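Structure record follows, encoded as structure tokens.
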Amino acid sequence: MSIPVIDLFAGPGGLSEGFSAFALPNGVKPFKVGLSIEKDSIAHQTLELRSFYRQFGNQPPRQYFQYLRREITRSELFAGFPQQAKQARKEAWCATLGEVSTAEVDRRITESLGPATEWVLIGGPPCQAYSMAGRSRNGGIDPKDDNVFLYKEYFRILAVHKPPVFVMENVKGLLSARTKKSRIFHQMLRDLENPISALAGDTSNDRTLEYQIFSLVEPAVQFEANGRPVFADSDFVIKSEKYGIPQARHRVILLGIKNQRHETPALRVLRKRKIVSTNEIIAGLPRLRSGLSKKGDTEEKWLGALKQMPMRKWFSSVDPSIRESIEKYLERLRPPRLDRGSEFLSCSPRVGFYARWFLDKRIGGVCNHSTRGHLKKDLFRYLFCAAYGKVRLKTPLLAEFPHELLPEHDNVMTAMDGANFPDRFRVQIGWRCATTITSHISKDGHYYIHPDPTQCRSLTVREAARLQTFPDNYFFEGPRTFQYEQVGNAVPPLLARQIARVVWQVLREPPKIRNGSPAKPPRPSGHLEKASLNGRR
């Protein structure tokens with residue numbers, strides 16, 4: 001019997017995808033998503049489509065790939081498989097927790113669980129209020145911001161439904177976030193350890209321990225008398241690049257285990273892996289050019305605009321090695337065969353890492369791979385950054401830009417002094433893992449410049465999705481801006497799959513540690529199959 005998974009604040013479904021994809025050595029997938037709740041209507045469409053895909057196991061119908069190729073509509077796809085479409089609509093629910101009736105939420109959860117007693121609650125409450133960038137913009141944490149306390153909806157469900165295990169994800173900025181009264185993270189831990197007491201408004205320090213909260217990357221070696229494992233705040237941060245994810249995404253992820261279990265299993269934490277580079281992930285996607293905005297975009301105008309760069313007066317002030325690099329790339333600059341791409345491109349994409357996960361020949365190409373338009377001056381900045389990255393193997397700071405290329409922002413001089421984002425334009429270095437893919441990628445591409453100078457553009461949705469480890473057959477619905485938001489807000493599915501293995505061990509392996517007893521660090525495990533993840537193709 002499958003273990004149900006309930007996903008709150010699901011976004012486009014990265015956590016769900018990882019749990020659904022986790023398989024035992026015999027090929028059996030023990031976890032099945034029972035309910036995903038997401039408030040954004042477009043992210044919900046993506047979630048619902050992926051749920052439809054999963055209804056067919058490993059054999060999705062050819063019509064699914066026809067839809068990805070834009071040969072049929074979504075309505076036509078769903079009409080051809082009414083039972084699977086009905087189940088997908090039931091599984092993916094568009095609702096705002098905190099606004100929708102709690103009775104309806106509880107009814108749907110109960111119905112999704114059925115007779116199951118072993119199940120998992122996963123999800124991450126909206127994190128904008130906790131992020132460092134968000135707090136900088138807003139002048140700190142606003143206790144009146146509903147997003148700050150949406151985690152209470154999470155622990156209300158913990159209190160009412162009492163899952164044996166839960167996984168909760170949020171931004172690293174949560175660790176330092178505080179209101180005037182308290183540190184939010186410490187209050188959150190207390191509430192998650194004692195959701196029933198917290199829901200009842202009990203603020204005493206001697207509340208019954210209902211859940212033990214564990215790190216997924218550091219083994220528990222000490223326990224308090226009441227069974228609470230002892231961790232430093234930083235022990236809850238997962239640095240994704242250390243676990244085979246091709247980006248430096250650092251997130252707080254908590255694992256909660258119900259304390260009523262007679263014993264707690266010896267957790268096998270996530271296993272560290274080789275760093276995966278940006279080029280391994282995106283270099284095998286079709287080469288595209290950026291667009292030229294506000295001037296009328298054609299291949300000729302794009303090429304002509306870039307060719308003007310050496311003619312600018314300021315170009316002679318560029319460091320000679322960077323200038324020579326730019327001139328070299330401009331000499332061989334040609335418009336790509338597929339121009340600016342589209343929602344579907346017929347091609348044969350490649351990948352240098354874990355091809356079995358990313359590639360799907362049934363697509364017949366690649367989806368969500370189109371470029372944005374940029375101002376001519378931004379094209380100059382992108383080409384400068386990409387050439388600088390090739391020569392210096394790092395992204396330039398604003399202080400290293402030619403003065404004429406500096407952005408026309410009021411605070412640019414402050415930024416040049418090292419404050420307020422001095423790397424306002426950031427190229428991804430091909431031989432390193434990418435920087436964190438965030439929802440800001442939907443605003444502009446300045447932080448996500450492609451490492452290839454001849455493409456002179458920001459990352460596409462598909463490139464960002466690959467860096468987030470979404471497989472190529474995972475389609476993102478909606479206009480491109482909304483696609484970027486979904487990708488940036490997601491949990492990397494390959495990281496979620498590793499977490500699913502740890503959860504499976506908690507639920508299925510014989511318990512080895514008694515509550516309140518000190519534990520020796522277990523041998524790290526909790527990993528994906530070594531051959532399949534580390535193999536190159």
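As the structure is a prediction and not an experimental result, all values here were calculated from the model.
Once rounded to the nearest 0.5 Å, the distance linking CD of Glu485 with CD of Gln483 reads 11.0 Å.
Side-chain contact of Tyr447 with Thr395: a donor-acceptor pair under 3.5 Å is absent, judged by distance alone. Residues Ser20 and Glu17 have side chains that never bring a donor and an acceptor to within less than 3.5 angstrom of each other.
The shortest distance between side-chain heavy atoms of Arg392 and Asp319 falls below 4.5 Å.
In this structure, Phe384 and Tyr388 have tilted ring planes: the angle between them lies in the 30° to 60° band. Between Phe476 and Phe470, the angle of the ring planes goes over 60°, which puts this pair in the perpendicular group of the 30/60° scheme. Aromatic ring pairs are classed by plane angle as parallel below 30°, tilted from 30° to 60° and perpendicular above 60°; the pair Tyr53 and Phe65 is perpendicular. Note on ring orientation: taking the six-membered ring where Trp is involved, the planes of Phe22 and Trp504 are tilted (angle from 30° to 60°).
For Lys242, the NZ atom sits in a loose shell: 12 or fewer heavy atoms of surrounding residues, nucleotides or ligands are nearer than 6.0 Å.
In this view, Phe475 and Tyr67 satisfy the ring pair (Phe, Tyr, Trp, His ring centres under 6.0 Å) rule, not counting sequence neighbours.
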Practice task
Give the intermediate values and the outcome of side chain to side chain donor-acceptor pair (under 3.5 Å) for residues Asn473 and Arg50.
Solution key: CA-CA 9 Å; Asn473 59 26; Arg50 195 59 179 183; 3.0 Å; yes

Exercise for the section: I would like to know whether Thr436 and Gln247 meet side chain to side chain donor-acceptor pair (under 3.5 Å); could you show each step before the answer? Expected result: CA-CA 6 Å; Thr436 312; Gln247 62 168 305; 4.9 Å; no

